[in-house]
Amino acid sequence: MPTRTAVKRTATSRRINRATRAPISTDGSDADKTQKWVYLFSHGSADMRDLLGGKGAGIAEMMRIGLPVPPGFTITTEACQEYFARGQKFPRGMWEQITEALRTVERSSGRRFGSANRPLLVSVRSGAKISMPGMMDTVLNIGLNRDTLQGFIEMTDNPRLGWDAYRRLIQMFGRIVLDIPAENFESCLTEWKERKHYKSDTDLTVEDLQGIVEEFKRIIRAGRDLEFPEDPPTQLRMAITAVFDSWFGRRAVEYRRAQKISDELGTAVTVQLMVFGNTGGESATGVAFTRNPSTGENKVFGEYLVNAQGEDVVAGSRTPKPMDGMKKELPKTYAQFMKVCAKLEKHYRDMQDLEFTVEDGKLWMLQTRSGKRTAQAAVTIAVDMVGERLISRREAVLRIKPEQIDQLLHARFDEATKEKARAEGRFIGRGLNASPGAAVGEAVFDADTAATRGAQGEAVVLVRPETSPDDVHGMLKAKGILTQHGGATSHAAVVARGLGLPCVAGCESIHVDAAQKQFTTGRQSVNEGDTISLDGATGEVFLGALDMVRPAFEEQKELQQLLKWADDLRVLGVWANADYPRDAERARRYGAEGIGLCRTEHMFFEEERLPIVQRMILAKTDDERNAALKQLLPFQRGDFEGIFRAMDGLPVIIRLIDPPLHEFLPKYSELLMHVARLQMELSLERVSPTDPDRFKRLLNRLGERQKMLEAVESMREQNPMLGLRGCRLALMMPGLTKMQVRAILEAAANVAKKGVKVQPEIMIPLVGHVNELMRERAELEQVAQDVMKEKKARIKYKIGAMIELPRAAVVADQIAAKADFFSFGTNDLTQTVCGFSRDDAEAKFLLRYIEEGIWPVNPFQTLDREGVGQFMRICVEKGRAANAQLEIGICGEHGGDPSSIEFCHELGLDYVSCSPFRVPVARLAAAHAAIGSESNSN
Ligand code: ADP
Ligand code: MG
Ligand code: MG
């Protein structure tokens with residue numbers, strides 16, 4: 001296979017460059033005799049994982065702590081590296097060391113490899129440092145041939161066991177080492193059984209097995225043009241070579257590419273005395289976890305089979321039984337196994353995944369490793385282990401990844417329901433798991449429909465070829481998002497994560513036809529109104545409604561406990577971004593210690609308010625404008641009262657109006673079209689009049705639309721993001737922010753009278769020059785004084801600046817002298833520092849940039865430490881130097897991203913503020929950051 005050799009050659013030459021460090025000689029001298037390629041189990045330990053691989057190190061460790069392990073040895077990963085460095089030849093001295101180690105195993109077991117008298121049989125097992133699918137499978141029963149088989153039968157007094165072992169060896173060797181399709185052996189076996197009317201393998205007699213052995217040997221001869229090697233050392237050598245070679249097998253290489261695992265690690269090879277779980281009713285084999293890997297329950301969880309050999313459990317030919325059954329069937333062994341589980345957990349201080357075999361009532365441990373588990377199990381196990389004094393609170397906190405917390409807070413599908421749906425053929429396809437959580441709803445194909453139906457309380461899933469900013473209003477009201485195109489940083493994915501909405505993106509196996517309001521898969525078509533289910537955590541899409549489980553945060557006792565421990569460890573405060581009282585309440589339940597960003601403009605978009613806002617914007621006179629503002633005041637005041645009440649006793653940062661005003665007016669292009677249409681209808685009406693009233697109506701309407709068009713046109717900007725917005729708007733049109741500040745202070749005074757503790761903080765957006773802050777501050781303080789006088793109340797409030805322009809960061813000392821607090825608006829700061837307009841960048845080129853590695857990650861998701869971060873650093877240093885009391889936080893989306901949180905901790909910010917859904921994640925990430933920086937400074 002030419003491709004395979006090509007891969008090997010590059011690895012080989014790379015390896016040669018490095019090879020000079022060890023006592024390996026490349027000039028053929030005998031200096032390499034000192035290199036140790038082989039370690040007996042008794043000479044290894046858990047911390048030799050790099051050298052012995054995960055499996056080899058685990059076995060050695062079990063032996064070290066006195067557990068029953070069949071003796072053997074491990075060939076190192078360095079030997080594998082050297083094998084490739086030498087152009088696929090065994091390292092010098094390796095075979096001698098293997099032979100020597102075999103002698104030791106022979107002595108301790110009283111057997112001899114290749115001898116007809118008490119023959120030694122071994123398994124050859126692969127195992128890299130990182131557990132890796134795609135590596136070579138294990139070959140059992142190496143060492144059997146016609147002669148040793150007789151010895152084996154004498155020793156075990158069990159001819160059937162012997163012949164079956166021989167049959168299995170030839171089958172495995174043929175499939176794994178010689179690469180003959182498994183099919184060839186299996187169909188031969190099946191035919192044999194059918195001919196004899198047997199139901200299972202156990203019905204095969206010695207005579208049958210003898211016949212099958214001959215057939216299998218013939219299959220090898222036909223497939224590979226060679227004889228099955230009867231010579232035990234040859235079997236061993238070929239099996240070891242096959243394990244080494246499998247390191248550069250296609251599946252293994254692909255897996256490493258995807259997981260970014262280095263090709264240079266190499267695999268270890270473990271050679272171990274065979275024990276037999278198929279010698280009769282007192283024998284068994286099985287796999288078990290020391291605790292339940294899906295729930296975390298502290299109870300051994302696993303399966304076993306009586307009278308079976310390793311591969312039978314996974315092969316599925318016989319159904320294994322749950323571990324509980326072993327209590328009755330093999331009570332002594334069960335008790336012993338429970339002790340082993342306890343000992344291993346105590347030793348590793350973690351849940352273990354075990355493989356074992358029982359031979360004539362004697363328990364043998366074959367593998368241990370830290371067990372994979374669900375997020376729920378991870379939290380439960382960590383918390384339980386603290387209770388059992390196995391680990392410290394700090395370790396428990398460190399063991400949970402922030403993303404796992406995220407998984408626990410999103411609704412998800414019950415596994416059983418998914419299985420059922422799959423069995424019923426309702427699995428539609430799999431896309432990218434873009435935003436976790438489960439969603440069930442009727443498919444809709446445009447944002448407007450999603451918005452209207454969603455607003456009426458219907459559950460809809462928005463299905464689009466891809467999404468754009470024009471779809472956001474629909475996304476807001478949908479239960480989930482499904483797109484045909486787009487990656488992890490596509491618009492749909494980014495927005496969905498921000499909203500805490502489940503999203504499956506880039507599901508290329510479906511074809512979305514938005515115009516026809518349907519999508520098709522290979523087999524079926526799904527129309528508007530058909531119910532679908534999305535699993536955002538796995539990327540799966542199903543037809544119909546799947547049952548959901550939504551674990552309420554309050555009910556997850558272990559999670560709450562873990563987060564309390566995290567709170568004790570973290571230094572950063574965790575606040576939330578919330579615009580509505582409902583969001584503020586959720587944030588508080590999730591543990592937010594304040595509101596870091598309450599945006600006020602959304603309040604203007606609501607149906608009954610928008611016409612008033614438009615009147616205010618279009619007003620020709622001050623009187624007109626003030627009248628509109630007066631009408632808006634009670635709405636805003638009511639909103640703020642709700643938020644203050646929800647956050648009783650905690651700070652609330654309210655940002656004054658930020659977006660350019662034209663956002664509150666109809667779109668220019670739409671107006672233009674509307675005016676054109678009206679004009680056309682009018683001229684038709686002139687030519688052939690239908691109704692004089694209609695003519696008048698059209699004329700009025702046209703006049704009104706034209707006025708609006710002129711107004712919008714006069715406000716149009718080349719680059720609204722950098723135009724008249726933020727504090728610039730406030731300075732040009734002071735009435736609006738004055739009204740907002742009045743609403744804030746009146747609300748504060750009103751609820752304070754009812755006993756609510758209020759801590760309002762007023763944030764001024766887009767400050768670039770200190771004079772902007774000074775002027776606005778003076779105006780707003782006057783309003784605050786007035787309100788307090790009217791209300792006869794004293795409210796302590798702060799006024800601060802949102803830092804989102806590079807200039808503000810650089811002149812932070814000047815600004816800090818006039819501000820009570822800073823809050824980094826890192827969304828805009830990233831745009832202005834990088835010179836990206838986010839929507840344009842994400843829609844047009846940023847994804848490609850990331851794919852091609854031009855930018856390592858999306859700077860809108862993970863803070864760009866070396867660019868944006870440096871402005872933040874300067875800002876914090878200068879700001880704090882000028883004003884020691886200055887409170888500094890972050891309210892951009894980065895406030896919920898673990899890596900960005902770590903950076904905020906390093907900068908010494910007071911808090912991070914993120915969406916309510918991310919608050920628990922941020923609590924944990926902040927603790928990790930604190931622990932991390934502590935251990936770094938040690
Ligand atoms: P994998 O990495 O696929 O789990 P293993 O090397 O662990 O492969 O081997 C798979 C199974 O083969 C083991 O779980 C065990 O049942 C059986 N096996 C491996 N070595 C031995 C041995 N020395 N004696 C008995 N069974 C063994
Ligand atoms: Mg394997
Ligand atoms: Mg295994």
Side-chain angles (χ1 to χ4, degrees), residues 40-41 52-60 62-63 67-75 101-102 105 108-109 111 113 119-144 152 156 161 164-165 168-169 171-173 175-177 182 235-236 239-240 242-243 246-247 249 251-252 255 267-279 283-289 302-318 320 337 352-360 362-372:
L40 288 167
F41 293 163
L52 304 181
K55 202 181 280 169
I59 291 172
M62 288 198 289
M63 177 160 274
L67 295 182
V69 176
F73 54 88
T74 299
I75 304 163
L102 263 179
V105 176
S108 62
S109 61
R111 320 263 180 94
F113 191 63
L120 169 68
L121 307 188
V122 295
S123 63
V124 173
R125 318 171 65 185
S126 64
K129 172 185 175 182
I130 302 157
S131 139
M132 232 178 65
M135 288 297 301
M136 199 203 76
D137 290 327
T138 294
V139 186
L140 305 178
N141 306 338
I142 295 259
L144 272 182
F152 182 74
T156 56
L161 174 70
D164 194 42
R168 285 178 199 246
L169 168 65
Q171 184 173 354
M172 284 188 181
F173 200 92
R175 173 172 65 84
I176 299 163
V177 181
Q235 293 172 359
L236 183 59
I240 293 169
V243 175
S246 74
W247 179 252
R251 278 202 306 149
Y255 181 82
T267 179
V269 186
T270 292
V271 178
Q272 185 173 31
L273 170 80
M274 280 302 303
V275 290
F276 292 87
N278 53 344
T279 58
S283 299
T285 187
V287 293
F289 293 87
E303 293 178 321
Y304 75 104
L305 263 177
V306 166
N307 197 11
Q309 206 176 15
E311 76 265 37
D312 298 339
V313 179
V314 261
S317 43
R318 286 165 61 193
F337 185 65
Q352 296 298 110
D353 170 357
L354 307 171
E355 294 174 9
F356 64 93
T357 285
V358 183
E359 185 184 73
D360 296 328
K362 162 106 181 100
L363 174 69
W364 293 102
M365 297 305 300
L366 293 175
Q367 192 172 338
T368 187
R369 64 188 148 190
S370 138
K372 293 227 162 32

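All ligand and atom numbering here is 1-based and tracks the order in the structure.
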Quick one: does ligand 1 sit under 4.0 Å from the side chain of Glu355, the backbone, both or neither, non-hydrogen atoms only? side chain

In the protein, how many N/O/S atoms are under 2.8 Å from the Mg ion (ligand 3)? 3

Going by an N to O cut-off under 4.0 Å, is there a salt bridge joining Glu355 and Lys55? no

Polar-atom distance check: Arg369 versus ligand 1, any N or O pair below 3.5 Å? no

Assess, by modelled atom type and distance only, whether the side chains of Ser283 and Asn307 contain a donor and an acceptor separated by less than 3.5 Å. no

Short N or O distance, Pro70 and ligand 1, threshold 3.5 Å exclusive: no

How long is the span from the CG atom in Leu363 to the CG atom in Leu67, to the nearest 0.5 Å? 9.0 Å

Under the salt bridge (Lys or Arg N to Asp or Glu O under 4.0 Å) test, residues paired with Arg111 that sit two or more places apart: none

Quick one: look at Lys55 and ligand 1, take heavy-atom pairs under 4.0 Å, and tell me if it's side chain, backbone, both or neither. side chain

Let me know which of Trp364, Phe356, Tyr304 forms a ring pair (Phe, Tyr, Trp, His ring centres under 6.0 Å) with Phe337. Phe356

Do any heavy atoms of Leu366 fall under 4.0 Å from ligand 1? yes

Quick check: does Arg125 get an N/O under 3.5 Å from an N/O on ligand 1? yes

Atom NZ of residue position Lys362 - does it have more than 12 heavy atoms of other residues, nucleotides or ligands inside 6.0 Å? yes

Using heavy atoms and a threshold below 4.0 Å, how should the contact between Gln367 and ligand 1 be classified: side chain, backbone, both, or neither? side chain

Closest to atom 21 (C) of ligand 1 (heavy atoms only, candidates Gly277, Ser123, Ala308, Gly54) is Ser123

For Thr368, the side-chain contact (heavy atoms from CB on, under 4.5 Å) test, sequence neighbours excluded, returns Met62, Leu344, Tyr348, Gln352, Leu354

Report the residues that fulfil ring pair (Phe, Tyr, Trp, His ring centres under 6.0 Å) with Phe173, sequence neighbours left out, ordered by chain and then residue number. Phe228

Is the shortest side-chain N to carboxylate O distance from Asp137 to Arg175 below 4.0 Å? yes

For the residue pair Asn141 and Gln309, confirm or rule out a side-chain donor-acceptor distance under 3.5 Å. yes

Please work out whether any backbone atom (N, CA, C, O) or any side-chain heavy atom from C-beta onward of Leu273 is under 4.0 Å from ligand 1, and answer side chain, backbone, both or neither. backbone

